[in-house]
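This report refers to the structure that appears directly beneath it.
Quick note on labels: first sequence line is chain A, next is B, and so on, each numbered from 1. In this text, all values refer to a predicted model and were calculated from it rather than measured experimentally.
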2 protein chains.
Amino acid sequence: MGTTDPASPMGRGHTDLDVVLDEVLAARRAERTVMSTSADRAARVVREQVVEGHLRSGTRLPEERLAAALGVSRNTLREALSQLVAERILVREPHRGVVVATPEVADVEDVYRVRRLVEPAALAHGTGHTPARVAAVAAAVTEGREAGARGDWDAVASANQHFHRAVVALAGSPRLDAQMHLLLAEMRLFFHQMGEPRRFHQPYLEENATIADLLGAGDRQGAADRLDTYLTAAQTQLVAAFRDRA
Amino acid sequence: MGTTDPASPMGRGHTDLDVVLDEVLAARRAERTVMSTSADRAARVVREQVVEGHLRSGTRLPEERLAAALGVSRNTLREALSQLVAERILVREPHRGVVVATPEVADVEDVYRVRRLVEPAALAHGTGHTPARVAAVAAAVTEGREAGARGDWDAVASANQHFHRAVVALAGSPRLDAQMHLLLAEMRLFFHQMGEPRRFHQPYLEENATIADLLGAGDRQGAADRLDTYLTAAQTQLVAAFRDRA
DNA sequence: CCCTAAGGATTGTTCAACAATTCTTCAATA
DNA sequence: TATTGAAGAATTGTTGAACAATCCTTAGGG
């Protein structure tokens, strides 16, 4: 995208410049948003530690020590914690502090209730089925297969998430994407609390492939139906495992 | 629900007590959550002012003055603002402060994208269709009709929101309910920015009634289809009005 | 008319403190 | 022994003041 545009008409001679400047300003603003504030960085670190399973469900997060560990003040930390509470990753118990959320069976069921409503609908009726997004679904499938072939189960789990995010992305909605991001973070909490078996995700690789194929062939409703039954099965399996282990 | 249970077996004699005590503790905790902290109260006040249209899109919220007005410290206020930013009601521009979100056409379209995916699905495939919830949908219809009969257009708008919340509630998902709550708050921002005509919602009263009837008759798919076309129409009307006025 | 620099205003962040509440300990008591 | 109660410690909720960093405004200088 030509950032320089010297061949502008000299008559009024400022419209193009303004356009370029606005572009530059927007870019800088976006950049800055990435670096963002200390509070955001702190939130990202804590979020990551929880999602990666290094902070397990139920652990309390004392403000003073945590702030010291993160190198921020207690006030700044509290801003970060507010964010994570809003994301359902942490829970605030008034006057008792924040703890890593400990999901119950009802939470597992509710997350799947949402997923079963949203994901098949995105496949069947999504208004954002661009070739690129359809390709992204297929890409997640091959990513998963390759990971499975080399026995990298963490990568398989990752690819599985990518698959479901790609499915939701077919709706073409930033808001749904954000919501799905939160749901998948919660899912990782489930897995950690129930002691996820290493190969938990493997059986679903082929299901993902089937769905991607149906989607590629233009059979949206078929893909949606398949995903619905698949999600139902996954839910019952997950709830059963959850009841045993947690 | 018998809160006292003196006829418990004396043999081990503590299980029931524990149950009751847990119940009491949970109740107290819920109570406390309602009173909640200063930050939450501040957030609620600002949220209300925005949703009610007293703080219009684009207005900046200087921390010092706002904190003074709310009677809280600047740090506490910042916690509250973090919440509202997470809810998309406010937008934070780094080093420039928070402003009331100014939705664009893309936002209107995206909100409707989500609604058209979720609401019909809740009608057609929702797993929470209890008689009480179905009745709530019908109740929202009569609420709207009565409000319309006496020309109270604010109440009509309110009833319309209740209708759509009741529809989503048919999914039986707390998470979807919360999400819908946010979306409807955003919708009110749209209306305020485009200068909502007083009688905007009236035409949809009869559509709501039709959908409630279909639902009551057990024709879920019919109700869902009807709602889908209705939402599409509402979207185009809204986008057109939005383009003109905003 | 455009550019630049100084000055003012606002945000991002820290620190130190204090009241309110919860948790802990530990002795006294039935 | 198990329960109660109260003093004391620890943590949260909240405040106020401060300071650097950044943004905005405005007044000159080219």
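Sequence neighbours left out, the pairs with a member in residues 170-179 of chain B that pass salt bridge (charged side-chain N to carboxylate O under 4.0 Å, His left out) are A:D107-B:R175, A:D110-B:R175, A:E186-B:R175.
For the pair A:Q83 CD and C:dG12 P, the computed distance is 12 Å after rounding to whole Å. When rounded to the nearest whole Å, the span between CD of A:E64 and C1' of D:dG13 equals 13 Å. Counting to the nearest Å, the C1' atom of D:dT11 and the CZ atom of A:R92 are 12 Å from each other. Straight-line distance from the NE2 atom of A:H95 to the P atom of D:dA9: 21 Å, rounded to whole Å. Regarding B:E79, its CD atom lies at a distance of 15 Å from the C1' atom of C:dG12, rounded to whole Å. Between the CG atom of B:L77 and the C1' atom of D:dT14 there is a distance of 13 Å, rounded to whole Å. In this structure, the CD atom of B:E93 is 15 Å from the C1' atom of C:dG12, given to the nearest Å.
A:E119 is not listed as a side-chain neighbour of A:Y112, based on a closest heavy-atom distance of 4.5 Å or more.
At the phosphate of D:dT12, neither OP1 nor OP2 sits under 4.0 Å from any side-chain N or O atom of B:T37. Between A:T76 and C:dT14 there is a side-chain polar atom (N or O) within less than 4.0 angstrom of OP1 or OP2.
Comparing D:dT12, C:dT14, C:dT11 against the side chain of A:R78 picks out D:dT12 as the nearest.
A heavy-atom distance below 4.0 Å to DNA chain C is reached by these residues of residues 65-75 of chain A, ordered by number: A:G71, A:V72, A:S73, A:R74, A:N75.
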Could you walk me through whether B:E143 and B:V156 satisfy the side chain to side chain contact (heavy atoms under 4.5 Å, CB included) test, starting with their C-alpha distance in whole Å, then the side-chain angles of each, then the deciding distance to 0.1 Å, before giving a yes or no?
CA-CA 8 Å; B:E143 178 192 350; B:V156 169; over 6 Å; no
One pair to check against side chain to side chain contact (heavy atoms under 4.5 Å, CB included): B:L55 and B:L61. What are the steps and the verdict?
CA-CA 9 Å; B:L55 288 173; B:L61 304 181; 4.2 Å; yes
Kindly indicate, with the supporting measurements, whether the criterion side chain to side chain contact (heavy atoms under 4.5 Å, CB included) is fulfilled by A:Q161 and A:M187.
CA-CA 10 Å; A:Q161 290 209 17; A:M187 294 275 310; 5.6 Å; no
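Residue A:Q83 holds its CD atom at 5.0 Å from CG of A:D40, rounded to the nearest 0.5 Å.
The two atoms that bring A:P174 and B:R113 nearest to each other are CD-NH1, 4.1 Å, heavy atoms only.
Map A:A39 and A:R60 each onto its nearest nucleotide of DNA chain C; the residue landing nearer the 5' end is A:A39.
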